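Only one structure is covered here, and it is reproduced in the block below.
A quick note: this is a predicted structure, and the numbers were derived from the prediction, not measured. Side-chain atoms are counted along with the backbone in the values below, which use heavy atoms only and exclude waters and symmetry mates. Numbers here simply count residues along the sequence, with the first being 1.
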Amino acid sequence: MSTPDALMARAKALKLYGLLAHWEEIAEAPWLAPLLDWEEHERARRGLERRLSNAHLGRFKPLADFDWHWPTQCDRPAIEELMGLRFILDAANVVLLGPNGVGKTMIARNIAHQAVLAGHTVLFTSAGHMLNELAGADGDNALRHRLSVYARPRLLVVDEVGYLSYSNRHADLLFEIVSRRYEAKSTLITTNRPFAEWGEVFPNAACVVSLVDRLVHHAEIIAIQGESYRLKEAKERSERRLKARSTPRSKHPKSDEP
């Protein structure tokens with residue numbers, strides 16, 4: 001966009017008030033459009049770096065490398081649709097349900113990464129880290145601050161719900177997070193437990209039914225079944241090592257030179 005009105009709109013969006021104060025003097029300057037281009041590109045780059053850093057995604061395998069034939073049950077079209085991020089615009093939730101090692105975390109990280117690239121704020125955390133941090137907050141002010149940290153992102157990914165058991169206090173804190181985000185922002189949860197077993201994850205917690213109800217009210221629930229892919233890879237590595245040890249090394253022929 002290089003018309004005077006378009007250039008002014010871009011300068012306003014960038015909040016370049018110094019330029020705007022002298023707009024009549026510079027509106028026709030040939031360097032104005034390139035300057036705005038540089039500023040937009042640099043802010044976009046820095047914004048992406050900041051969102052990636054704040055998301056805490058860590059290292060992960062790209063979805064292009066996922067072996068879709070390994071799980072015995074996996075709705076590939078539904079997962080690919082999630083990568084389109086429509087659920088974030090609808091403030092809907094996502095639950096990836098399945099046993100250990102079938103790729104739930106990998107898929108969640110890929111969705112989160114796609115959301116960051118699309119300009120959304122994202123935070124990836126494990127259930128244990130988040131709930132223990134909240135439960136350990138020193139005082140009401142510290143707790144309110146930490147709750148706001150988890151309530152703020154457009155997409156919050158809570159990994160590994162169900163791998164540990166938690167107290168009533170932890171259940172109440174997860175309910176508080178889900179309630180603050182309910183119908184406003186998207187939450188993606190990975191779990192190895194069906195909802196009927198969440199009473200074992202949060203034993204005796206009165207809020208479990210309400211927690212599940214708010215979580216799944218506007219949610220895409222995708223079940224993934226199969227054996228652990230990590231265990232498969234570990235077995236393959238072990239077999240390669242055993243094969244390498246059992247293969248005799250070729251001996252180099254002796255040289256005829258003295």
Side-chain angles (χ1 to χ4, degrees), residues 1-66 77-94 96 105-126 129-130 144-159 177 180-190 218-220:
M1 296 185 294
S2 57
T3 65
D5 289 344
L7 292 174
M8 178 179 285
R10 292 167 64 188
K12 288 180 179 178
L14 293 167
K15 299 181 180 179
L16 299 176
Y17 300 120
L19 291 182
L20 291 168
H22 298 275
W23 193 256
E24 292 184 1
E25 304 168 40
I26 65 169
E28 302 297 330
W31 49 263
L32 180 58
L35 175 67
L36 295 176
D37 288 340
W38 296 337
E39 187 69 22
E40 288 169 343
H41 292 160
E42 179 61 15
R43 291 195 188 189
R45 184 190 67 79
R46 291 169 64 88
L48 176 59
E49 287 184 352
R50 183 174 59 255
R51 292 194 307 277
L52 282 171
S53 176
N54 293 339
H56 301 297
L57 295 180
R59 297 178 61 184
F60 60 94
K61 184 186 296 184
L63 196 60
D65 294 340
F66 185 69
I79 292 171
E80 290 177 339
E81 184 176 347
L82 290 176
M83 291 289 288
L85 307 178
R86 176 70 191 184
F87 74 97
I88 295 180
L89 301 180
D90 294 337
N93 297 329
V94 176
L96 301 179
T105 299
M106 172 195 171
I107 293 169
R109 289 185 193 272
N110 274 272
I111 294 171
H113 184 252
Q114 189 70 13
V116 171
L117 295 180
H120 299 298
T121 53
V122 175
L123 178 57
F124 186 100
T125 182
S126 69
H129 174 82
M130 181 182 75
R144 280 194 293 269
H145 170 69
R146 297 314 303 171
L147 285 169
S148 69
V149 168
Y150 292 108
R152 189 181 305 126
R154 287 293 302 276
L155 174 62
L156 174 66
V157 181
V158 183
D159 194 30
I177 292 293
R180 289 189 180 205
R181 301 181 60 81
Y182 179 60
E183 295 187 325
K185 296 171 183 175
S186 296
T187 304
L188 190 160
I189 283 181
T190 74
H218 304 292
E220 178 78 20

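- Counting heavy-atom neighbours within 6.0 Å of E40 CD, excluding the residue itself, gives a total above 12.
- Atoms CG and CD1, on L156 and I189 in that order, are 8.0 Å from each other to the nearest 0.5 Å.
- I177 contributes atom CD1, which lies 9.5 Å from atom CZ of R146 (distance to the nearest 0.5 angstrom).
- Looking at every heavy atom in both residues, R51 comes nearest to H120 through CD-O, 3.4 Å.
- A distance of 4.5 Å separates CZ in R180 from CG in L147, rounded to the nearest 0.5 Å.
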_Evaluation steps, side chain to side chain contact (heavy atoms under 4.5 Å, CB included), between V116 and N54_ = CA-CA 10 Å; V116 171; N54 293 339; over 6 Å; no
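- Remark: A13 engages no residue in a side chain to side chain contact (heavy atoms under 4.5 Å, CB included) (not counting sequence neighbours).
- R181 contributes a side-chain N or O that, together with a main-chain N or O of P153, makes up a donor-acceptor pair within less than 3.5 Å.
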*Apply the test side chain to side chain contact (heavy atoms under 4.5 Å, CB included) to residues L19 and L35: give CA-CA distance (whole Å), side-chain angles for both, the deciding distance (0.1 Å), then the verdict.*
CA-CA 11 Å; L19 291 182; L35 175 67; 3.7 Å; yes
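- Salt bridge absent: E49 and R46 never bring a charged side-chain N and a carboxylate O closer than 4.0 Å.
- In plain terms, the two heavy atoms of L63 and M106 that are nearest each other are CA-CE, 3.8 Å.
- Under a cut-off of 6.0 angstrom, the local environment of CD in E42 is crowded, with over 12 non-hydrogen atoms contributed by other residues, nucleotides or ligands.
- Across every non-hydrogen atom of V122 and A115, the tightest pair is CG2-CB, 3.7 Å.
- When all heavy atoms are compared, the tightest approach of N110 to K61 is ND2-O, 2.9 Å.
- Counting heavy atoms from C-beta outward, F87 and L155 have side chains that approach closer than 4.5 Å.
- Contact annotation: the side chain of F124 approaches that of T105 to within less than 4.5 Å [non-hydrogen atoms, C-beta and beyond].
- Contact annotation: the side chain of W23 approaches that of L32 to within less than 4.5 Å [non-hydrogen atoms, C-beta and beyond].
- Here the shortest heavy-atom pairing between A108 and L96 reads N-CD1, 4.0 Å.
- Shortest non-hydrogen contact noted between I88 and S186 is CA-OG, 3.3 Å.
- Looking at P62 and D65, their side chains come closer than 4.5 Å, going by heavy atoms from C-beta outward.
- Between the N93 side chain and the T187 main chain, a donor and an acceptor come within less than 3.5 Å of each other.
- The shortest side-chain heavy-atom distance between R10 and D37 falls under the 4.5 Å cut-off.
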*Evaluate the side chain to side chain contact (heavy atoms under 4.5 Å, CB included) criterion for residues V157 and L57: first the C-alpha distance (whole Å), next the side-chain angles of each, then the deciding distance (0.1 Å), finally the verdict.*
CA-CA 10 Å; V157 181; L57 295 180; over 6 Å; no
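- Residues Q114 and L85 have side chains in contact (heavy-atom distance under 4.5 Å, counting atoms from C-beta outward).
- Distance check, rounded to the nearest 0.5 Å: CD1 of I107 to CZ of F66 gives 4.5 Å.
- Although no hydrogens or angles enter the test, the distance criterion places no donor-acceptor pair under 3.5 Å between the side chain of S53 and the main chain of R50.
- With contacts defined as side-chain heavy-atom distances shorter than 4.5 Å, the pair L123/H56 qualifies.
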*How far apart are the C-alpha atoms of E81 and R86, what are their side-chain angles, what is the distance that settles it, and do they pass the side chain to side chain contact (heavy atoms under 4.5 Å, CB included) test?*
CA-CA 8 Å; E81 184 176 347; R86 176 70 191 184; 5.8 Å; no
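- L20 places a side-chain heavy atom less than 4.5 Å from the side chain of K12.
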